[in-house]
Amino acid sequence: MSITVAALRETAAAERRVAITPEAAKKWRGKGVRVLLEHGAGEAAGFPDASYVDVEFATADAVLAQADLLACVLPPEDAVFERLRDGSVVVGQLRPYGADARLAALSARKLTAFALELLPRTTRAQAMDVLSSQAAVSGYRAMLIAAEACPKFFPMLTTAAGTIRPSKVLVIGAGVAGLQAIATARRLGAQIEGYDVRPETREQVESLGAKFLDLGVSAAGSGGYARELSAEERAAQQQALADHLKSFDVVVSTAAVPGRPAPKILSQVMVEGMKPGALIVDMAAESGGNCALTRPGERVVHGGVTILGPLNLPAGAPLHASEMYARNVQHFVELLVHDDALQPDFDDELVAKSCLVRAGERIFQG
């Protein structure tokens, strides 16, 4: 097989992951694929060059000049696409929404590009679902951040100085990130509740040992996401949630929909009704935040309540995040290879729906 799969060192702010790990490279090589990496591509993730076996290393320019397929974690600068050969393939989380300049840069070089975050969330796509794999890392990391920033212990402790009651923690959103946050809070010994507007998530929340917070509002939607609430439903939800928030020490919010601003779930009034010393960790900070007071990447204190808006949570656990991500990429690229060549089958739903640009022709119009 005469295919060269390549990856560069990621350049996004604070990004430490890598799209090709030693494990993935070994599997590529076992299939006869040439693997070409920029020097130090995996170092920040815990994979120095020496950990890769039978892999070639070169400068960024040399990598781009030889790559048939460039795998990335986050989109590189648009100038990177200009240095790829015409007809090359790009695979990664390419953040296509509102990215006209990026799509134009891909089209200009007659590239074919696939955004993995656009994959349909079907059973067949699970092995390549980067949103799920990286959300699991995010949920874990968010709860660790909450435990560190909370002024109280998470578990109940019996000490010579008396008994310490466990922290009460609420996780808003029971998707992959929320469920992982719930599981992590349970391991840390907190008293945990989970809330989601999709009633079918109750069983998943309760299976992790958490109590399901039922506010009497259902917004089950399609594709695994919640539908938008009506004005009446939102008002009822917010009033019921405000009443419950007063008893929680920590709130971790995870509600986000790709390509759209995060829904505002926690208003300023609701925050002002929380107990002094309470903590909010807003996992949706990158898309505007679930809390009205969230500032992306910052720590805000309002009325004694602390609001954290962490960014790029998966990059905080880069080794395992990279391992999962690289496996996702590998499974997806298998769909693009036929007869020992890169020949994407655009009749395949997973290929077609994740395609942004096909040989320079813009496909994605979102």
Side-chain angles (χ1 to χ4, degrees), residues 16-17 45 73 93 116-117 119 121 123 125-150 154-155 166-213 223-226 248-258 262-263 265-266 279-287 289-291 294 308-328 331:
R16 298 165 59 197
R17 291 170 290 174
V73 177
Q93 296 177 114
L116 297 179
E117 60 265 59
L119 277 167
R121 306 192 83 175
T123 300
Q126 285 181 346
M128 54 199 81
D129 186 351
V130 297
L131 290 181
S132 290
S133 73
Q134 302 307 290
V137 183
S138 295
Y140 170 78
R141 289 268 301 134
M143 194 55 71
L144 294 184
I145 289 171
E148 192 277 332
C150 180
F154 262 34
S167 293
K168 289 192 65 177
V169 177
L170 172 66
V171 174
I172 297 176
V176 174
L179 293 172
Q180 186 60 249
I182 288 171
T184 303
R186 280 284 293 170
R187 295 186 190 106
L188 293 172
Q191 184 177 332
I192 179 75
E193 295 187 32
Y195 168 67
D196 198 292
V197 290
R198 300 166 298 164
E200 64 269 23
T201 62
R202 174 190 287 269
E203 183 177 348
Q204 294 171 297
V205 169
E206 293 177 343
S207 72
L208 294 172
K211 178 182 177 183
F212 187 79
L213 180 61
Y225 297 106
F248 288 100
D249 302 299
V250 174
V251 175
V252 174
S253 64
T254 72
V257 179
I265 297 173
L266 304 171
L279 171 71
I280 297 170
V281 178
D282 192 341
M283 287 181 57
E286 291 188 43
S287 55
N290 297 140
C291 178
T294 296
L308 303 181
L311 302 177
N312 198 0
L313 284 163
L319 192 148
H320 280 152
S322 295
E323 287 184 338
M324 291 191 288
Y325 184 83
R327 292 169 194 156
N328 294 149
H331 285 296

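Both backbone and side-chain heavy atoms feed into the values below; hydrogens, waters and symmetry mates do not.
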### Message
Working note: Met143 + Val169, criterion side chain to side chain contact (heavy atoms under 4.5 Å, CB included); need CA distance, chi angles, decisive distance, verdict.
### Response
CA-CA 10 Å; Met143 194 55 71; Val169 177; 3.9 Å; yes

### Check against side chain to side chain contact (heavy atoms under 4.5 Å, CB included), Lys168 and Glu193
CA-CA 8 Å; Lys168 289 192 65 177; Glu193 295 187 32; 4.2 Å; yes

### Task
Evaluate side chain to side chain contact (heavy atoms under 4.5 Å, CB included) for Cys150 paired with Ser167, printing each intermediate quantity in order.
CA-CA 9 Å; Cys150 180; Ser167 293; 4.0 Å; yes

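Interatomic distance, CE of Met283 versus CG of Leu308, reported as 13.0 Å (0.5 Å rounding). In this structure, CD1 in Ile192 is found 7.5 Å from CZ in Phe154, a value given to the nearest 0.5 Å. Separating the CG atom in Leu208 from the CD atom in Glu203 is a distance of 11.0 Å, to the nearest 0.5 Å. A distance of 8.0 Å separates CG in Leu131 from CG in Leu119, rounded to the nearest 0.5 Å.
A distance-only check finds no donor-acceptor pair linking the side chain of Ser132 to the backbone of Asp129 [under 3.5 Å]. With hydrogens and angles disregarded, a donor-acceptor distance shorter than 3.5 Å links the side chain of Thr254 to the backbone of Gly173. The backbone N or O of Asn312 sits less than 3.5 Å from a side-chain atom of Glu286, completing a donor-acceptor pair.
Looking at every heavy atom in both residues, Asp282 comes nearest to Pro310 through O-CD, 3.7 Å. Of all heavy-atom pairs spanning Gly316 and Arg141, the tightest one is CA-NE, 3.4 Å. Met128 and His331 get closest at one heavy-atom pair: CE-O, 3.9 Å. Across Asn328 and Ser133, no two heavy atoms sit closer than the pair OD1-OG, 2.7 Å. Closest non-hydrogen pair, Phe212 versus Thr201, comes out as CE1-OG1, 3.6 Å. Shown here for Val171 and Ala181, the closest heavy-atom pair between the two residues is CG2-CB, 4.2 Å.
Side-chain atoms of Arg17 and Gln134, non-hydrogen and from C-beta on, do get closer than 4.5 Å to each other. Within the 4.5 Å cutoff, side-chain heavy atoms of Val205 are placed close to those of Leu179. Proximity of Asn290 to Pro263: side-chain heavy atoms (C-beta onward) are separated by under 4.5 Å at one or more points. Counting heavy atoms from C-beta outward, His320 and Val137 have side chains that stay 4.5 Å or more apart.
Tyr140 OH: 12 or fewer foreign heavy atoms inside a 6.0 Å radius.
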